[in-house]
Amino acid sequence: MTSPEERLAALVSEWYTEHARDLPWRAPGVSAWAVLVSEVMLQQTPVNRVLPVWREWLSRWPHPQDLAAEPAAEVIRAWGRLGYPRRALRLHECARALVERHDGVVPRDVDALLALPGIGSYTARAVAVFSYGDRHPVVDTNVRRFVARAVAGDADAGPPRATADLAAVEALLPADRTAAAVASIAFMELGALICTARGPRCADCPVYAECGWQRAGRPAATGPARKVQKFAGTDRQVRGLMMAVLRDATQPVPRADLDAVWPDATQRSRALAGLVDDGLVHQLPRDRYALPT
DNA sequence: TACACGTGGCT
DNA sequence: TAGCCAAGTGT
């Protein structure tokens, strides 16, 4: 007897073994630290942009101790243009926490992982599953979309519901922990390559025949459209421009150099204050600024 | 719950 | 072209 849930997991897992991308953090023997770094870099960031930076980081800092020993400025510079540089700062803090609290070893326990800076519900479980092979539901945007379509029969996932989302994915996991880990990465990969947000490639989908959304006649999305983040003209754009100036500088930068990136003085002040408040920028004497030491 | 938080490629 | 989208987290 095969339940519909077991069948979904089996079909997607079989598809994965044949069609998975050959990504370096999936290679056998890759350390938990390397997996953790990849997961943080991949937060809201496309694979192709992460690849070169991840290789550089793991070559430079193969263990948490190596990153922990660096000044924050080096870490932020090495983050380059990956975006959301607070992630770099948190990864640095995470490395130091690993050294202080876990002897430099990435913990296997989800609650211990959750207690680390920059590690949330997704990343904690991703590390426990993809690195240690344990059985936990791993819920990212790809998995939520796949479950919404294949199981619920909706066009898209609704707003995140942490507890319900975890339960919905848990219900799809095979009992065996190794099979569950494969299913978890397979759901993500299917969402990334086939069950995509725009233009899903349903003709190539291993679940086509049992997909709830197909069976329902591919109904259109119902709820309000997900609001897309504005960027042009926002503080985030100003922060990004200022960070680019500071990354490229070899000496502390006068305020005037940061002011040059944006015309509106009120917005400049707010952006810079935010960067200082976040710990991404240090204010020095004589109104000069630099990346944190 | 809703919002802030970078960057760049794609349609 | 302008908007959409990409393996989320913290507050």
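Naming: A, B, ... by sequence-line order, numbering from 1 per chain.
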Between [N] ([atom2]) and [X] ([atom1]): distance, integer Å:
X	N	atom1	atom2	answer
A:Leu82	B:dG9	CG	C1'	14 Å
A:Ile185	C:dA7	CD1	C1'	8 Å
A:Asp235	B:dT7	CG	C1'	16 Å
A:Met41	B:dG6	CE	P	16 Å
A:Leu280	B:dG6	CG	C1'	11 Å
A:Arg49	C:dA6	CZ	P	13 Å
A:Leu116	C:dG8	CG	P	19 Å

Residues touching DNA chain C, which here means a heavy atom under 4.0 Å, drawn from residues 155-165 of chain A: none
Would you check if the side chain of [X] reaches a backbone N or O of [Y] as a donor-acceptor pair within less than 3.5 Å?
X	Y	answer
A:Arg87	A:Met41	yes
A:Thr123	A:Gly120	no
A:Arg177	A:His136	no

Heavy atoms from other residues, nucleotides or ligands near [atom1] of [X] exceed 12 (cutoff 6.0 Å):
X	atom1	result
A:Glu14	CD	no
A:Phe231	CZ	yes
A:Arg21	CZ	yes

Ring of A:Trp213, cation from A:Arg149 - is the NZ or CZ under 6.0 Å from the centre and inside 45° of the axis? yes
When you measure from the side-chain N and O atoms of [X] to the phosphate of [N], is any distance below 4.0 Å, counting only OP1 and OP2?
X	N	result
A:Arg145	C:dA6	yes
A:Arg21	C:dA7	no
A:Thr123	C:dT9	yes
A:Arg87	C:dT9	no
A:Gln44	C:dG8	yes

Distance criterion of 3.5 Å, no angle test: do you see the side chain of [X] paired donor-to-acceptor with the base of [N]?
X	N	answer
A:Arg90	C:dT9	no
A:Thr45	B:dG6	yes
A:Arg198	C:dC5	no

Span that lies between the P atom of C:dC4 and that of B:dC3, in whole angstrom: 16 Å
How far does the P atom of C:dA7 sit from the matching atom of B:dT11, given to the nearest Å? 15 Å
Nucleotide of C:dA6, C:dG8, B:dG8 approaching A:Asp140 most closely (side-chain heavy atoms): C:dG8
Picking from A:Leu114, A:Val127, A:Ile119, A:Leu116, what satisfies side-chain contact (heavy atoms from CB on, under 4.5 Å) with A:Pro107? A:Leu116
